[in-house]
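Predicted, not measured: the structure shown is a model, and the values here were computed from it. First listed ligand is number 1; within each ligand, the first listed atom is number 1.
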Amino acid sequence: MARIFIISNRVAIPGAGNQPGGLEVVLKATLRKHPCVWLGWSGEVNAKPRTRTVTHRSNSYIVTDLKPEDFDEYYNGFANRVLWPIFHYRLDLAEFSRRDLSGYLRVNEHFADELVKVLKHDDIVWVHDYHLIPLAKALRARGLNNRIGFFLHIPLPPPEILTAMPNHERLIPSLGDYDLVGFQTDGDAANFARYLAKELGAPSHMSLRLGTGDHAMRIGTFPVGIETHPFTRLARQAVKTAFVKQVIESLPGTLIIGVDRLDYSKGITLKLEAYERFLAANPQWYGKITYLQITPKSRSAIKEYSEMESAVGSAAGRINGAYSEASWTPVRYVNRPYSRTTLAGLYAAADVGLVTPMRDGMNLVAKEYVAAQDPENPGVLILSRFAGAADEFRDALLVNPYDPDAVAVAIARAVAMPLGERKARHAELYAALLRNDISKWGDKFLKALNPPEKKDEKALRNFAPGPAVPEPGRATRQ
Ligand code: GDG
């Protein structure tokens, strides 16, 4: 049987104390169902990099170290100072350097070297995320003819933004070396198709020839989800644990929860500003409401992230300075991670889930919040229209995160929403969760990547083609 190779920047080895993040959550079901080999960076930086293999149940984990210059140029540099901001529509934060780009390409070559040592001809390769865009090209250059798929977890901006990235013409077309390129939303897929049409003249039925092999590249939409029922069960249990009970008892009254990695894409300071405006306009809530913001640190070595840490801390301090009483703290800002069980319990206890990223590929926190609610007395989800999840969650209170006044109004509406409306909205949101349960996601992608005969087109969700947008078809490389 063909083995499945998962390739991503970081590898979440079970029990190794990994940092929280969406990738681990979405791959869990695939790793449980199929024997997989997961290859990526160990998280260690070494002048003399080592590669090692760990086995856990039926899966193997191959992890390789990065050299100090690779860590600077590939990870902190091109991936997180160029691709992350630009793909999140933040051209203003991008800092391009040729040195970082060559570090990025070098690490992709290194991953390809490690892979060719272990790949067999019929293995299926599934590459994840923006760190590894040119990996298929590097593998094809080494003569590999395997099925190789790519899934982008973050948004893909329109060509008007993407083409402002220096050397985009070197990088983006290299996606043509994959057999299948998957996106979170139809909008992201359409942006890619528009890029291909504008920059490479791809005609509407994608007869475009890209790359060097004889593979065909197709585009599909595969929105990620969560394990809905297990998360609901976890939340039911979690509210009964001593720690969650203790936290909830210390937060009397109405509870608003936000859970975001410390990242500028998540819009945390604007969210605090919205809450501040809600407080200013609604004195009847003084002493009766708490906003708990859980924000584990991430990428602290990058300047924008350490600056954000102090900006978020001082916004929380400003609100507490202005509104606190001896008996009431309006914002509780926690800068550390919690266990998944604790998170589930806190979601369940919260009356409002406040999820307002300025741009997000999907946003699993929004999905976890909905899964954790008691259907007989559910909380209200306030969701940014710029999160991928907004495509499926039409029954959330959708907001523009750039407009703190509007978000403040949505908070006021959420905390006063009658039970009947809360139940009706929650039922729709829960049904949407089940439609895209993560247990089906990996299989959908893998089936589309490696179709039994020619039934592959059916496994792809169509995206709405706009003008000059090619339909999802085949692009053959010469
Ligand atoms: C990327 C894309 C896309 C957060 N704090 C803690 C913790 N978390 C968990 C959450 C959730 C996950 O991390 C975060 O997922 P998101 O989807 O919200 O965001 P990213 O990490 O930016 O993920 C995103 C995702 O990939 C999947 O494709 O949705 O758009 O940016 O599961 O619960 N987990 C624990 N403690 C914490 O303190 N245990």
Side-chain angles (χ1 to χ4, degrees), residues 6 8-10 12 14-30 79-80 83-85 87-90 126 128-131 150-156 182-185 187-188 221-228 230-231 234-235 238 243-244 247 257-268 292-299 305 333-348 350 353-372 381 383-384 386-393 433 436 438 441-442 445:
I6 293 170
S8 63
N9 172 56
R10 287 299 299 273
N18 312 297
Q19 280 196 335
L23 190 64
E24 178 185 359
V25 172
V26 300
L27 285 175
K28 230 197 239 163
T30 303
N80 285 328
L83 295 174
W84 180 270
F87 281 31
H88 286 87
Y89 295 57
R90 293 296 301 270
W126 187 5
H128 290 261
D129 235 357
Y130 60 103
H131 310 86
F150 178 82
F151 183 76
L152 186 68
H153 289 258
I154 64 174
L156 190 86
F183 296 95
Q184 299 270 27
T185 67
D188 297 319
T221 304
F222 304 86
V224 300
I226 59 165
E227 292 184 295
T228 312
F231 200 84
L234 178 67
F243 181 68
V244 172
V247 177
I257 194 165
V259 177
D260 308 90
R261 270 189 314 103
L262 188 64
D263 193 295
Y264 49 80
S265 67
K266 305 289 183 187
I268 308 168
L292 171 63
Q293 175 63 45
I294 297 176
T295 301
K297 288 183 197 174
S298 68
R299 303 174 196 165
Y305 287 77
Y333 171 52
V334 189
N335 214 203
R336 65 189 280 296
Y338 282 97
S339 73
R340 199 156 171 76
T341 306
T342 297
L343 278 190
L346 294 174
Y347 289 136
L354 191 54
V355 184
T356 55
M358 297 157 90
R359 200 54 73 172
D360 217 328
M362 178 53 62
N363 197 295
L364 295 177
V365 169
K367 297 197 163 183
E368 290 162 0
Y369 177 76
V370 170
L381 175 66
L383 178 63
S384 163
F386 302 127
D391 275 18
E392 299 159 73
F393 277 1
L433 273 186
N436 263 333
I438 198 66
W441 177 75
F445 187 93

Distance under 4.0 Å to a non-hydrogen atom of [X]: what atoms of ligand 1 satisfy this?
X    : answer
V259 : 4 (C), 5 (N)
E368 : 10 (C), 11 (C), 32 (O), 33 (O)
V365 : 10 (C), 18 (O)
G361 : 30 (O)
R340 : 32 (O), 33 (O), 39 (N)

Fill in: Any residue meeting ring-ring contact (aromatic ring centres under 6.0 Å, His included) with F445, in chain and number order, not counting sequence neighbours
W126, F222

Fill in: Which segment of P337 sits under 4.0 Å of ligand 1 when only heavy atoms are counted
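It is both backbone and side chain that touch ligand 1.
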
Fill in: Proximity of I226 to ligand 1 by residue part, where a heavy atom lies under 4.0 Å
neither

Are any of the N or O atoms of [X] closer than 3.5 Å to those of ligand 1?
X    : result
R336 : no
N363 : yes
V26  : no
L364 : yes

Is there a donor-acceptor pair closer than 3.5 Å between any side-chain N or O of [X] and the backbone N or O of [Y]?
X    : Y    : answer
Y369 : A350 : yes
E368 : A344 : no
D129 : H153 : yes
K367 : V224 : yes

Mind listing the closest non-hydrogen atom pair of [X] and [Y] along with its distance?
X    : Y    : answer
G267 : M358 : CA-SD, 3.7 Å
N335 : K297 : OD1-CE, 3.3 Å
Y130 : I154 : CD2-CD1, 3.5 Å

Which is closest to [atom] by heavy-atom distance: [options]?
atom                    : options                : answer
atom 24 (C) of ligand 1 : T295, D129, D360, L27  : D360
atom 36 (N) of ligand 1 : Y338, Y369, W84, W441  : Y338
atom 19 (O) of ligand 1 : R261, M362, K266, Q184 : K266

Fill in: Test side chain to side chain donor-acceptor pair (under 3.5 Å) applied to K266 and T356, D260, D360, the passing residue
D360

Fill in: Test item: Y338 and F243 side chains (from C-beta on) under 4.5 Å apart, heavy atoms
yes

Worksheet item: Should Y347 be listed as contacting ligand 1, given a heavy-atom distance under 4.0 Å as the test?
Response: yes

